[in-house]
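Here is the structure we will look at, set down as structure tokens.
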2 protein chains.
Amino acid sequence: MHPIVSVVHILIERESCFMAAISGDDNASNAVTLQSLGEFAVIDRLKDIAKLGSREISIPDPVVGSGDDSAIVAFGSAHVAMSVDLFVQDRHFRTDWSTGVDIGRRCAAASMSDICAMGVEPSTLLVGVAAPPETTMSWITEMYSGLVEEAAIAGARVVGGDLSSAIAIMISVTALGQAPKKGAVTRSGARVGDVVAVHGALGRAAAGLRVLQRGLRSPRSLVDSYRFPHVDYTAGVRARDAGAHAMIDVSDGLVADLRHIADASVVTINIDKGLLMVPEDLTSAAAAFGLDPLTWVLEGGDDHAIIATFPVAATLPAGFHAIGVVNERGEHGVTVDQAIFEGSGGYSHFHQ
Amino acid sequence: MHPIVSVVHILIERESCFMAAISGDDNASNAVTLQSLGEFAVIDRLKDIAKLGSREISIPDPVVGSGDDSAIVAFGSAHVAMSVDLFVQDRHFRTDWSTGVDIGRRCAAASMSDICAMGVEPSTLLVGVAAPPETTMSWITEMYSGLVEEAAIAGARVVGGDLSSAIAIMISVTALGQAPKKGAVTRSGARVGDVVAVHGALGRAAAGLRVLQRGLRSPRSLVDSYRFPHVDYTAGVRARDAGAHAMIDVSDGLVADLRHIADASVVTINIDKGLLMVPEDLTSAAAAFGLDPLTWVLEGGDDHAIIATFPVAATLPAGFHAIGVVNERGEHGVTVDQAIFEGSGGYSHFHQ
């Protein structure tokens with residue numbers, strides 16, 4: 001038992017200064033909402049709180065703390081990678097666009113992908129489900145079966161969970177896997193000169209979502225890509241074994257997630273547009289919508305491709321292909337064909 | 001990578017039989033809702049799905065699987081206890097009855113209590129937060145600070161999390177702690193002749209909730225007990241060291257949670273009413289409402305007291321006092337003064 005670490009008063013005080021600083025108004029604390037700050041600023045604040053609150057804890061710091069795809073914590077001699085993801089009805093999925101099985105598979109895949117992006121194989125899931133009382137047991141059975149089935153593909157098992165009522169469906173998936181003592185790959189290891197390579201599809205889930213948003217059900221190949229990602233759960237381990245310096249999975253969008261690597265590694269990453277693969281169905285769908293398919297490829301999330309940076313002498317592992325290089329840090333974290341990227345770069349909660 | 005374990009079709013088939021069996025109607029699958037089945041029947045179904053889906057996974061079974069307060073999984077030579085809990089606005093908390101700090105503390109306490117009830121000290125939390133975009137940053141800061149502060153009391157730190165938008169606030173807390181190689185205390189070890197003992201308050205949170213539901217703000221002592229539980233995070237370890245055979249934390253209600261021990265251990269637990277402590281404020285509040293205070297003590301959840309069964313020769317650890325004994329399994333899992341208990345025994349989601 002530890003003495004109470006009274007962080008709350010300190011935090012409330014800091015919060016007031018913070019509020020005043022960003023709003024220019026001492027009484028504005030109620031006006032600052034999650035929406036006005038945006039997802040990443042809120043996350044930064046919460047990380048500060050956790051750090052401040054833990055400063056007197058006697059156990060060792062985590063091996064990798066908040067801010068990477070997964071945290072890594074030592075339990076005795078074992079290093080365990082762990083990550084939690086929330087999936088909220090009408091934010092992350094719609095029950096009229098996806099079957100229960102699809103939704104379960106997507107939740108498991110997205111969560112386990114965070115473990116893979118550390119170069120670790122997921123082995124264990126905990127699953128919390130909140131749902132309205134009128135939800136049918138057959139939907140819950142399908143969703144949970146999809147989740148368990150996707151876990152099995154990765155060689156992982158669901159060992160526990162929680163169930164609650166709620167006004168909308170929310171699913172919490174915690175994924176864990178044993179990390180090698182040395183060699184878990186973080187976001188912060190990219191070095192100038194590294195080759196940036198990708199494994200898996202980009203922009204397909206975003207294109208499929210656009211198709212559904214337009215009330216269409218085809219092209220089927222894109223809608224299928226939206227239903228759930230097809231993750232190769234060994235790609236991250238292969239990248240680690242090939243000597244990857246930094247790695248992340250593409251959940252928000254290629255540019256947005258490369259920015260995370262660039263910021264954590266204090267480098268600039270340049271994407272070579274000519275190296276991006278744009279499959280035929282993506283090109284035709286984009287033409288039909290009057291869009292540039294590269295927007296989907298550069299900004300679309302939810303495909304859970306893996307991007308990693310490798311020493312230039314490394315042989316890229318199977319399934320990876322080069323899309324850019326790591327440069328000295330410039331003004332921007334990511335450039336495309338050496339120019340500023342003008343798009344949003346990807347998805348952010350609270351700013352839509 | 002494992003071959004796809006195609007559990008879904010098997011499950012859908014089983015589900016149809018199951019639906020037909022309970023509804024007497026082959027076309028009734030849409031009629032069976034979470035509400036009509038109730039929380040514990042749904043959980044049993046989900047556990048079956050997880051078990052069926054994991055049957056071909058090559059990694060070892062968890063040391064303790066679904067159905068206890070926490071699962072315990074081996075990572076190399078380390079055994080790790082882990083548990084997830086969901087907290088949903090207007091189900092588990094109301095923002096007009098509790099401050100953000102209170103809610104954060106309650107979420108952390110309830111989740112860590114599940115680790116303690118295995119005889120393990122929690123060390124690590126992952127926290128997912130879903131909230132409406134108009135939620136103020138000051139509320140989120142308070143809630144998260146409360147959570148981090150309660151974690152610090154237990155010597156645990158928040159190492160990661162997730163943030164999402166949603167139509168109502170939902171908080172997911174995953175708690176972890178390193179379990180001793182032998183000696184984690186499950187629900188299934190109670191033996192005939194054991195003494196049943198409790199550590200901590202019973203019925204106080206339920207009484208405080210009733211006060212608030214009536215639109216009152218006093219007695220303050222009970223409202224305070226509702227705000228967040230005061231958990232002694234070392235009580236579970238002390239019980240383990242004293243040789244406890246079985247243990248659980250009281251989250252649903254004393255009778256409901258003792259039933260979990262009784263069913264898992266295939267015994268009947270008798271509670272001696274005369275041994276239950278009923279503090280003065282509970283007695284007066286019950287009198288004011290025309291209620292029996294023992295209803296709160298026997299059925300009230302959310303206090304997160306620890307109940308354990310000990311060999312009769314054991315010296316009860318500090319803070320524990322005897323409230324009953326373990327008998328041979330009879331018709332009912334729990335009796336009160338050797339008679340059938342007629343109340344609900346505690347809280348169940350979807351049946352209210």
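To find a chain, count down the sequence lines: A is the first, B the second, and so on, and within it residues start at 1.
No donor-acceptor pair closer than 3.5 Å links the side chain of B/Glu134 to the backbone N or O of A/Thr33.
Per-residue counts of heavy-atom pairs under 4.5 Å with chain A were compared for B/Ile43, B/Leu125, B/Ile140, B/Val127; the largest is that of B/Ile140. With chain A as the partner, the residue from B/Val80, B/Ile72, B/Val158 showing the most heavy-atom pairs under 4.5 Å is B/Val80. Looking only at heavy-atom pairs under 4.5 Å with chain A, the residue among B/Ala166, B/Ala168, B/Gly177, B/Ser123 that has the most is B/Ala166. In terms of non-hydrogen atom pairs under 4.5 Å with chain A, the most contact-rich of B/Asp85, B/Leu46, B/Val42 is B/Leu46. Across B/Val64, B/Leu147, B/Ile167, B/Asp68, the residue that shares the most heavy-atom pairs under 4.5 angstrom with chain A is B/Ile167.
Interface residue B/Ser164: backbone and side-chain heavy atoms are both found under 4.5 Å from chain A. With a threshold of 4.5 angstrom between heavy atoms, A/Asp90 does not approach chain B through any atom at all. With a 4.5 Å cut-off on non-hydrogen atoms, A/His79 does not touch chain B at all. Looking at A/Ser83, only its backbone comes within 4.5 Å of chain B, counting heavy atoms on both sides.
By the 4.5 Å heavy-atom criterion applied to side chains, A/Val73 and B/Leu176 are not counted as neighbours. At a threshold of 4.5 Å between non-hydrogen side-chain atoms, the residues B/Gln35 and A/Thr135 do not count as touching.
Within a 6.0 Å radius of NZ in A/Lys47, other residues, nucleotides and ligands contribute more than 12 heavy atoms.
Residues B/Ala131 and A/Leu34 approach most closely at CB-CD1, 3.8 Å, considering heavy atoms. Closest approach of B/Ala152 to A/Gly53, counting heavy atoms only: CB-O, 3.7 Å. Nearest approach of B/Met82 to A/Val159, heavy atoms of both residues: SD-CG2, 4.1 Å. Among all heavy-atom pairs drawn from A/Ile57 and B/Gly155, the shortest one is CG2-O, 3.4 Å. Looking at every heavy atom in both residues, B/Gly76 comes nearest to A/Gln178 through N-OE1, 2.9 Å. Nearest heavy-atom pair across A/Leu86 and B/Gly128 is CD1-C, 3.6 Å.
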| From CA spacing to verdict: side-chain contact (heavy atoms from CB on, under 4.5 Å), A/Val32, B/Thr136 | CA-CA 6 Å; A/Val32 180; B/Thr136 62; over 6 Å; no
| So A/Ser172 and B/Val84, side-chain contact (heavy atoms from CB on, under 4.5 Å) or not? Walk me through it. | CA-CA 9 Å; A/Ser172 153; B/Val84 64; 4.1 Å; yes
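Note that NE2 of B/His92 is 7.0 Å distant from OG of A/Ser165, once rounded to the nearest 0.5 Å. To the nearest 0.5 Å, the span separating CD1 on A/Ile49 from CD on B/Glu149 amounts to 11.5 Å.
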